[in-house]
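The block underneath contains the structure these notes are about, expressed in structure tokens.
Below, all heavy atoms of this structure are taken into account, side chains as well, without hydrogens, waters or symmetry copies.
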Amino acid sequence: MQKILLGVGIALILLGIFGASYTWHHDHREADTLDKYATTDFQVARDGDGNWEGASLSLWDYRYDDAQLLGKVVVFTDGAPWEIDAVTKQTADGWRNQNKLFFHFPKASLKDLLTAKEIRVKFYYDNGQAIDLPLGKKDLLAWQRKLRW
């Protein structure tokens, strides 16, 4: 009986270590592009003549900790920063939390987005963590294609 209890105890400890390390690793994951870190949706709005009215970005990120997104984003177009206020929301989704971030690009930034060779998006969590990632080539071309249309 003692061997069974010892085996169950060791199994629970190992399971707890695995769960804690997985959770920490997922919440502090590394990615080399924004699309590998979170789900994004870039949209462009036009008036009746086809001129730009604006553009927006929606971002969804899942985390296991309670860190919430802050309502401040910095978008870098070839290194030039655009500080933008964002709307955020966190919803519990089972064991993890879904963080949503939404913002409108300043109209003046759209020309820079169209001609940029690199676009980086930096956003912040209330636990001090900051995520600063570039768009992948595929996303960069897709954003610029939407702006050209």
Side-chain angles (χ1 to χ4, degrees), residues 9 11-149:
L12 289 174
I13 290 171
L14 292 175
L15 186 62
I17 291 170
F18 171 77
S21 66
Y22 175 79
T23 299
W24 187 90
H25 178 71
H26 181 79
D27 289 346
H28 296 86
R29 62 197 177 276
E30 294 185 20
D32 54 354
T33 61
L34 187 62
D35 62 307
K36 290 182 181 176
Y37 185 84
T39 304
T40 61
D41 183 28
F42 176 75
Q43 296 294 320
V44 176
R46 297 183 181 279
D47 63 16
D49 296 326
N51 299 316
W52 293 325
E53 280 192 348
S56 63
L57 180 68
S58 301
L59 181 141
W60 297 269
D61 179 28
Y62 291 95
R63 299 176 67 87
Y64 288 94
D65 68 11
D66 291 331
Q68 295 188 19
L69 284 166
L70 298 178
K72 182 63 82 179
V73 176
V74 182
V75 177
F76 298 92
T77 54
D78 291 333
W82 293 90
E83 291 188 20
I84 306 168
D85 290 328
V87 176
T88 64
K89 180 180 179 181
Q90 185 179 71
T91 342
D93 183 17
W95 290 93
R96 57 189 185 170
N97 294 306
Q98 180 185 40
N99 288 291
K100 299 174 186 177
L101 179 128
F102 176 82
F103 64 91
H104 291 283
F105 288 90
K107 194 171 183 178
S109 72
L110 298 182
K111 186 175 181 184
D112 287 353
L113 292 173
L114 179 63
T115 60
K117 291 183 178 29
E118 180 186 58
I119 298 174
R120 298 182 70 84
V121 178
K122 185 174 186 177
F123 51 97
Y124 306 88
Y125 289 94
D126 64 0
N127 66 356
Q129 186 180 17
I131 306 299
D132 182 0
L133 293 169
L135 293 181
K137 286 289 184 192
K138 186 177 178 182
D139 281 348
L140 177 63
L141 293 173
W143 284 28
Q144 291 174 338
R145 193 173 22 247
K146 287 181 180 183
L147 286 164
R148 277 190 199 97
W149 173 80

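Residues satisfying the salt bridge (charged side-chain N to carboxylate O under 4.0 Å, His left out) criterion with Glu53, sequence neighbours excluded, are absent altogether. Qualifying salt bridge (charged side-chain N to carboxylate O under 4.0 Å, His left out) partners for Asp41, counting only residues two or more places apart in sequence or in other chains: none. Residues forming a side-chain contact (heavy atoms from CB on, under 4.5 Å) with Ala130 (at least two apart in sequence, or on another chain): Lys122, Tyr124.
Side chains of Thr88 and Gln68 form no contact here, defined as non-hydrogen atoms less than 4.5 Å apart. Put simply, the side chain of Arg120 reaches to within 4.5 Å of the side chain of Asp132, judged on heavy atoms. Counting heavy atoms from C-beta outward, Phe76 and Ile119 have side chains that stay 4.5 Å or more apart. At a threshold of 4.5 Å between non-hydrogen side-chain atoms, the residues Val87 and Lys89 do not count as touching. Contact annotation: the side chain of Thr40 approaches that of Leu57 to within less than 4.5 Å [non-hydrogen atoms, C-beta and beyond]. Between Asn99 and Phe123 the shortest side-chain heavy-atom distance does not fall below 4.5 Å.
Remark: side-chain polar atoms of Trp60 are not paired, donor with acceptor, to backbone N or O of Gln98 under 3.5 angstrom. A distance-only check finds a donor-acceptor pair linking the side chain of Gln90 to the backbone of Ala67 [under 3.5 Å]. Judged by distance alone, with hydrogens and angles left aside, the side-chain atoms of Asp49 form no donor-acceptor pair with the main-chain N or O of Asn51 at under 3.5 Å.
Contacts classified as ring pair (Phe, Tyr, Trp, His ring centres under 6.0 Å) and involving residues 85-110 (residues at least two apart or in different chains) are given here: Phe42-Phe105, Phe102-His104, Phe103-Phe105, Phe105-Trp143. Sequence neighbours left out, the pairs with a member in residues 74-87 that pass salt bridge (Lys or Arg N to Asp or Glu O under 4.0 Å) are Lys72-Asp85.
Nearest heavy atom pair, residue Leu133 against residue Thr33, reads CD1-O, 3.7 Å. Annotation for Ala55 and Leu110: closest pair CB-CD2, 3.5 Å, computed over non-hydrogen atoms. The two atoms that bring Ser109 and Pro106 nearest to each other are OG-O, 2.6 Å, heavy atoms only.
Between the CG atom of Asp61 and the CG atom of Asn97 there is a distance of 10.0 Å, given to the nearest 0.5 Å. With values rounded to the nearest 0.5 angstrom, Thr39 atom OG1 is found 12.0 Å from Lys100 atom NZ. The CG atom of Leu114 sits 5.5 Å away from atom CZ of Arg148, with the distance rounded to the nearest 0.5 Å.
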Report all side-chain donor-acceptor pairs from residues 135-142 shorter than 3.5 Å, counting only partners two or more places apart or in another chain.
none

